[in-house]
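For the numbers below, each heavy atom of this structure counts, side chains included, while hydrogens, waters and symmetry mates do not. FYI, the numbering just counts along the sequence from 1.
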Amino acid sequence: KKLKFENIVPGSIIQIYTISGETVETIYAQNIICYWDGKNRYGKKVSPGIYLFTITNKETGKIKKGRIFVLNY
């Protein structure tokens with residue numbers, strides 16, 4: 001399964017972090033829809049738990065923040 005980010009400004013950067021602040025994955029938005037496959041930057045499936053994300057619009061500098069809860073499926 002994949003997590004879908006919608007209405008993203010192309011060129012934005014989506015960063016996913018652990019609660020402790022370690023970077024899990026960085027996604028560069030090419031389109032208005034982006035997906036995260038639940039894997040870290042090394043291609044390994046992440047553990048269940050809470051993750052944080054930021055979406056940075058490179059044009060305006062605006063940053064949106066949120067949380068993701070990953071379940072074991």
**Report entry** Over 12 non-hydrogen atoms of neighbours within 6.0 angstrom of CZ in Arg67
**Finding:** no

If you look at every heavy atom in [X] and [Y], which pair is closest and at what distance?
| X | Y | value |
| --- | --- | --- |
| Asn57 | Ser12 | CA-OG, 3.6 Å |
| Ala29 | Val9 | CB-O, 4.1 Å |
| Lys39 | Glu25 | O-OE2, 3.9 Å |
| Lys58 | Gly11 | CD-O, 3.1 Å |

How long is the straight-line distance from [atom2] of [Y] back to [atom1] of [X], given to the nearest 0.5 Å?
| X | Y | atom1 | atom2 | result |
| --- | --- | --- | --- | --- |
| Asn40 | Thr23 | CG | OG1 | 11.0 Å |
| Ile14 | Phe5 | CD1 | CZ | 5.0 Å |
| Lys65 | Gln15 | NZ | CD | 11.5 Å |
| Asn7 | Lys64 | CG | NZ | 8.0 Å |
| Trp36 | Ile16 | CH2 | CD1 | 4.5 Å |
| Ile68 | Leu52 | CD1 | CG | 8.5 Å |

Grouping I, L, V, M, F, W and Y whenever their side-chain heavy atoms are under 4.5 Å apart, do [X] and [Y] come out in a common cluster?
| X | Y | answer |
| --- | --- | --- |
| Tyr42 | Tyr17 | no |
| Val24 | Ile13 | no |
| Tyr35 | Ile32 | yes |

Report task. Check step by step if side-chain contact (heavy atoms from CB on, under 4.5 Å) holds for Val46 and Tyr51. Result -> CA-CA 10 Å; Val46 299; Tyr51 293 83; 3.4 Å; yes

Query raised in the report: Heavy-atom distance under 4.5 Å between the side chains of Pro48 and Leu71, does that happen here?
Result: no

Query - Contacts of type salt bridge (charged side-chain N to carboxylate O under 4.0 Å, His left out), residue Glu6, not counting sequence neighbours - result: Lys4

Query raised in the report: Does the Asn31 side chain pair with the main chain of Ile33, one donor and one acceptor, at a distance under 3.5 Å?
Result: no

